[in-house]
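Here the structure is laid out as structure tokens; the discussion comes afterwards.
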Amino acid sequence: MSQRETFKDAKRIVIKIGTRVVTGTGPGLDDDFIDNLARQVARLCERGCQVVLVTSGAVHLGRRALNYRKSNEDISMRQAAAAVGQPELMRSYMEAFRAHGLLTAQMLLTQDDMQDRHRYVHLSNTLETLLTRHVVPIINENDSVSVEGVTFVENDILAAMIAAKARADVLVFLSDEEGLFTCNPRTNDSAKLVPQVLPEDDVTRFAEGAGGPESRGGMLKKCEAARMAADCGIPAVMVDGRIPNMVLQVLDGDAVGTVFISRESLPGRKLWIATAARPNGVLVVDDGARAALLRPDGSSLLPIGVTEVRGDFSVGDLVQVQDTGGREIARGIVNYGSADVDAIRGHHTREILSLLGHVGHVEVIHRDNMVVATNGRPGSCS
Ligand code: GLU
């Protein structure tokens, strides 16, 4: 059975809605789109599905209301725009969904909510409670309080994280592109739609450069997000959300858009490691350690393989593991703080006691607390 066929049995669906889909071409929101989306979600709920929305559009709406252009925007203006636009966005969803008998709930999230495991557990519990009570959670980044440099930057990654955390059966990206093309379809007539992307396919050359003025993500980020979800075990589909009933078509298994075929799903702890927003530091490893980590039956990270420590982190923090070329090859939870790793790096495990005066663990990161990048691509860990 193809993966698209399995979408017919999907029970939990995350739908990401791009700014250009929800706002359409008019000055405000595209009410027809929102009404059609509400209708589709109502149909899915009747079938017993649970649906989570991740929506953009607040900043764009706020910019319009405040009457300024993106080109002269600073961070406080963007935050103000989000604060103005978000209630407007939410009101439209709430009214449209209510007309189809559905209750909605707003959840505004920051990176810290994804980073901190306690907050993450609360977030998951809230989501579960809403879904079991047949409420449709509508999520956006809390742009008006997000700190510069630690924003998600675009909601595609947020949607992938939510899909992974909610253990969704499928993630659907609704944008104004039909899917992923072999090159930019707006500038190149020979562009062909890519119907399917396998876990080992490298599609960065297809995706570069796409994306319009109102979207901060672009196709490259969307691919990164789709890959993150697929590597966590959740197939992701990119489709043209402007076409009515597109979500239902995806869930009927129709050959629409581009599907990112998923790997086997990850256990809970590894899922959190793979999708936590922001590692606290970086460990650079030598070629021997790199090879050992990337083997299918790969090993834990030992002190001897670490050549450099960057950042200030404590025991239990999430860190990124990079090779000497700066590529992310893994991420995991460290058994030692940054000062201790710096002291034992390059040394044999039997030397830990004399170097630190104590031995906590023989590994810097145990294999059970690590996810390894599939193609040496950042954000694509399994
Ligand atoms: N959170 C932003 C908004 O609601 C969208 C960021 C994006 O994905 O472009 O406007």
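As the structure lists them, so they are numbered: ligands from 1, and atoms in each ligand from 1. Please read these numbers as outputs of a predicted model, since none were measured by experiment.
With hydrogens and angles left out, the side-chain atoms of Asn36 and Gln40 include a donor and acceptor closer than 3.5 Å. Counting only N and O atoms by type, the side chains of Ser56 and Asn155 include a donor and acceptor under 3.5 Å apart. When only modelled atom types and interatomic distance are considered, Gln320 and Gln322 share a side-chain donor-acceptor pair under 3.5 Å.
Of the residues Arg78, Gln86, Gln79, the one that meets the side chain to side chain donor-acceptor pair (under 3.5 Å) test with Asp143 is Arg78.
For ligand 1 and Ala58, the ligand atoms under 4.0 Å from any heavy atom of the residue are 3 (C), 4 (O), 10 (O). Below 4.0 Å from some heavy atom of Gly57 lie the following atoms of ligand 1, by number and element: 3 (C), 4 (O), 10 (O).
Residue-level proximity to ligand 1 for Asp143 is carried by the side chain, the only part with a heavy atom below 4.0 angstrom.
For atom 6 (C) of ligand 1, the nearest non-hydrogen atom from the set Arg78, Arg63, Lys16 comes from Arg78.
When only interatomic distances are considered, the shortest N/O to N/O separation between Ser56 and ligand 1 falls below 3.5 Å. Ligand 1 has an N or O atom lying under 3.5 Å from an N or O atom of Asn140, backbone or side chain. For the pair Asn155 and ligand 1, the shortest N or O to N or O distance falls below 3.5 Å.
When every heavy atom of Ser300 is checked against every heavy atom of Glu363, the shortest pair comes out as CB-CG, 3.5 Å.
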*Applying side chain to side chain contact (heavy atoms under 4.5 Å, CB included), run through Asp30 and Thr23 and close with a yes or a no.*
CA-CA 5 Å; Asp30 184 339; Thr23 60; over 6 Å; no
